[in-house]
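Below is one structure, written out as structure tokens, with a few remarks after it.
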Amino acid sequence: MQKRSHPNKPAVLALFAILALVLASCSPAAPSAPAPATETPAAQSSSAVTTTTDVSSTTAATTTEAVSKTDQSGIGQITEQKGISVKSDEDVVTPRNHYGGEYHDVSSSDAVSFHPYLTTDTASSGYQSMVYTGGLLRLNEKTLAEEPNMAEAYEISPDGLTFTFHLRHDMLWSDGQPITAQDFKWTYDQVINPKNEFPYLSQLDFISSYVAKDDYTLEIKIKEVYAPALDQMSGLITPLPKHVWEKLDWKDPAKNPEINSPTVVSGPYKLQEWKRDQYAVFVANDKYWYHGRPNFDKYTIEIVPDQDVTYQKMKSGETDTGEITPDKLEEARTLDNVTVYEWWPAAASWTYVGLNMREGFVTHDVNVRHGLAYAIDKDLLTQEVMKGQAKRLCSAYPETSWVYNPNVECYNFDTNKAIDAFKKAGYSYDGKTMVGKDGKPLTLKLIYGPNTSKTRQLIAVTVQDYLSKIGVKVDIQALEWASFLDAIQSKQPTWDMFIGGWSATIEPHIMYTIWAEQSIPDLNAVAYINKDVEKLFTEGGATYDVAKRKEKYQAVQKILADDAPYIFLYYQKAWSGQNKRIQGIVPSPLGIGWNQSDWYVTEQ
């Protein structure tokens, strides 16, 4: 499914599916959780790096690649934010001029719901960004600097503790009612209510007050200096229509039809119909505030049971896009009717095997986790699964991040070290079977989802094969997307391992949510608890000193590598195939989805 962003919410980080990628926003304000099924992030909107170069393929297809610099040390380094006043002179009124036609999307996984505050998967985030606009600020598609979005101006007090946002006066809900600061304030109040169980609630802890001074002025105060404050406060609250939602239940779809069938919206599209696991149809919202309605009259997302089917539909021209698995990428580049866009995201998308650290599970023992990490040839797995479109990852930040620490344990493939680690945990290996103290052979349960993901399936069987070589039996269970999310976010899980992924944020601090005890089990599904890590994150966010921040986040990487709550696998390139009849696509460091409302149809 295509991710559309500009100027939608700078949302939450993405567990991509492998847990697929890509949030629906220009300025990710938090890690986004488990995402569904495309290993080929279509319109990646988590920021992607410094320079872009257009490369034309010599084959029949067109290939456009955004090439990133190896040294990205300047990306994401926040400067001191005190005594600042910013006002936009951007024209947001002039309408688009290529109206008409339908964009036909296709995906092998469906969304969970349209509720922006009860979901953490990127499929749901994609649907939500179609109908809800958010983000007081957004990232500039060329410079990646913050700039006004729903707020046309903002000021930061000299002490850096008070942020005042002035909303645009011409923004409307689809029913004609104005979008105001009261909508933001009401939504914020619901979100911070612990009973409403917002998965990213901890990301708002730094805020001391959130006040609507009038219908178009928001004043937000923070407790103390916090480097990522502007990004988080401007991106985490996507306003819901107070005049509609205040009469309805927050969490129960049976009492609130807006959760699964929103009727009053603010985004570029309105929902026409959603048949779960079949299709979703959206139509242009004539009252959309950013340059008016999008160019497409209709945007249809068809749900099919298999990634190969999505690819064949794109190949035949039945759909305008499709999921390109790594093994199909080379062929896709040669298709006469398709342009393949490729880029290395600065906000890296990475894949891992999560290990259940709860007491009573075999993987609670750090020696077992080390043994599992050594037992898998991660270099070969990366090459075989991703076909050269990914690079190894050893801890929480890749080499594209300015806080990257190259001096951490990578657990390079070594069966002898794997067996020795299991021996430290009290296991014995007779050359065929790994046996516990109780004399029973060791069997682990590995789950993945969605069950339509060919790449995820390949990772699972590869892990199973490697662990069998040290006598560990692995039972694999493939689940459909919603069931997989329920399983990994269960308070009483039955799995030992799962295959996951994150589409990270440019600002390194935001990743703390996936390691925080408070985030168990929604984001911290493995139940990792380390107060030293949480302290380091706190210290890293409490200063604008780049050197000090880097020191803290590099220490985090070292501890995470040693504790091994994940078997870190790789971070990957992003790519998207688009039918050549779709024009208006402008590759940028943000990928291609940042201006999706400007895309238009040119029949060939």
Side-chain angles (χ1 to χ4, degrees), residues 16 18-19 39 325-327 329 348-356 362-363 365-399 404-425 427 429-434 441-448 453-476 478 495-502 526 557 560-573:
F16 74 102
I18 275 187
L19 277 157
E39 285 80 353
T325 51
D327 60 304
L329 182 57
S349 295
W350 46 271
T351 300
Y352 64 91
V353 177
L355 305 175
N356 194 337
V362 171
T363 44
D365 190 315
V366 67
N367 292 303
V368 170
R369 299 197 299 273
H370 289 171
L372 294 171
Y374 278 123
I376 299 169
D377 189 338
K378 294 168 284 295
D379 288 299
L380 184 61
L381 182 149
T382 298
Q383 181 59 38
E384 290 296 311
V385 171
M386 294 305 297
K387 305 298 182 184
Q389 306 305 310
K391 298 178 181 179
R392 270 292 311 280
L393 181 73
C394 297
S395 191
Y397 302 100
E399 60 185 355
Y404 170 66
N405 185 351
N407 301 310
V408 302
E409 177 59 62
C410 266
Y411 302 96
N412 293 323
F413 179 53
D414 191 321
T415 54
N416 290 328
K417 286 185 178 181
I419 292 168
D420 287 343
F422 271 99
K423 287 181 179 178
K424 290 179 183 178
Y427 289 83
Y429 179 60
D430 61 7
K432 292 184 178 180
T433 306
M434 190 68 70
L442 177 59
T443 299
L444 300 177
K445 180 180 178 180
L446 170 65
I447 67 171
Y448 75 86
S453 172
K454 302 296 185 184
T455 303
R456 189 174 289 284
Q457 179 186 31
L458 183 55
I459 294 173
V461 297
T462 302
V463 168
Q464 181 185 53
D465 180 58
Y466 275 116
L467 295 186
S468 71
K469 294 176 181 178
I470 60 166
V472 177
K473 181 183 178 184
V474 176
D475 291 333
I476 298 173
W495 48 266
D496 300 291
M497 306 182 291
F498 72 88
I499 300 168
W502 289 105
V526 297
Q557 292 167 73
L560 289 173
D562 292 343
D563 287 350
Y566 290 174
I567 300 174
F568 295 94
L569 297 178
Y570 57 79
Y571 68 100
Q572 73 169 80
K573 196 177 191 178

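One-based numbering along the sequence shown.
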(Q) Taking ring pair (Phe, Tyr, Trp, His ring centres under 6.0 Å) as the cut-off, I'd like each qualifying pair that reaches into residues 365-392, sequence neighbours left out, listed once. (A) H370-Y411, Y374-Y411

Q | Polar side-chain atom of T363 near backbone of N356 as donor-acceptor pair, under 3.5 Å | A | yes

Q: Evaluate the criterion side-chain contact (heavy atoms from CB on, under 4.5 Å) for residue pair M497 and L372; output intermediate values, then yes/no.
A: CA-CA 10 Å; M497 306 182 291; L372 294 171; 4.2 Å; yes

Quiz: residues 414-421 side-chain donor-acceptor pairs under 3.5 angstrom, not counting sequence neighbours:
residue, atom, partner, partner atom, Å
D414, OD1, N416, N, 3.1
D414, OD1, K417, N, 3.0

Q: Quick one: list whatever passes side-chain hydrogen bond (donor to acceptor under 3.5 Å, both in side chains) with Y448, sequence neighbours left out.
A: none

Using atom types as modelled, flag every donor-acceptor pair under 3.5 Å from a side chain in residues 458-475 to any protein atom, sequence neighbours excluded.
residue, atom, partner, partner atom, Å
T462, OG1, L458, O, 2.7
Q464, NE2, V474, O, 2.8
S468, OG, D465, O, 2.5

(Q) Nearest 0.5 angstrom please: W495 CH2 to K445 NZ, how far? (A) 10.5 Å

Q) Between atom OH of Y570 and atom SG of C394, what is the distance when rounded to the nearest 0.5 Å? A) 15.0 Å

Q: Compare every heavy atom of E409 with every heavy atom of A561, then report the nearest pair and how far apart it is.
A: CB-O, 3.8 Å

Q | Q389 vs Q572 side-chain heavy atoms within contact, under 4.5 Å | A | no

Q) Can you name the nearest heavy-atom pair linking A348 to P398, along with the distance? A) CB-CG, 3.4 Å

**Q.** Nearest-0.5 Å distance, OG of residue S395 to CG of residue D563
**A.** 10.0 Å

Q: Pick out which of I447, L444, L355, L446 makes a side-chain contact (heavy atoms from CB on, under 4.5 Å) with D496.
A: L444

Q | Point-to-point distance, once rounded to the nearest 0.5 Å, from CD1 of I376 to CG of L381 | A | 7.5 Å

Q) For F568, what residues pass the ring-ring contact (aromatic ring centres under 6.0 Å, His included) criterion, not counting sequence neighbours? A) W350, Y566

Q: Taking all heavy atoms of A396 and all of L560, pick out the closest pair and write down the distance.
A: CB-CD1, 3.7 Å

Q. Any side-chain heavy-atom pair from F413 and L380 closer than 4.5 angstrom?
A. no

Q) How would you list all residue pairs meeting salt bridge (Lys or Arg N to Asp or Glu O under 4.0 Å) that involve residues 366-385, not counting sequence neighbours? A) D379-R392

Q) Would a 4.5 Å heavy-atom cut-off, applied to side chains only, mark D327 and K454 as touching? A) no

Q) More than 12 heavy atoms of other residues, nucleotides or ligands under 6.0 Å from NZ of K387: is that the case? A) yes

(Q) The criterion is side-chain contact (heavy atoms from CB on, under 4.5 Å); which residues satisfy it with D365, sequence neighbours excluded? (A) N367, V368, A425

Q.
My understanding is that only residues two or more places apart in sequence, or in another chain, count here; which of them pass side-chain contact (heavy atoms from CB on, under 4.5 Å) with N407?
A. N405

Q: Write down the atom of T433, the atom of P441, and the distance for their closest heavy-atom approach.
A: CG2-CB, 3.6 Å

Q: Identify, with sequence neighbours excluded, every residue that meets ring-ring contact (aromatic ring centres under 6.0 Å, His included) alongside Y397.
A: none

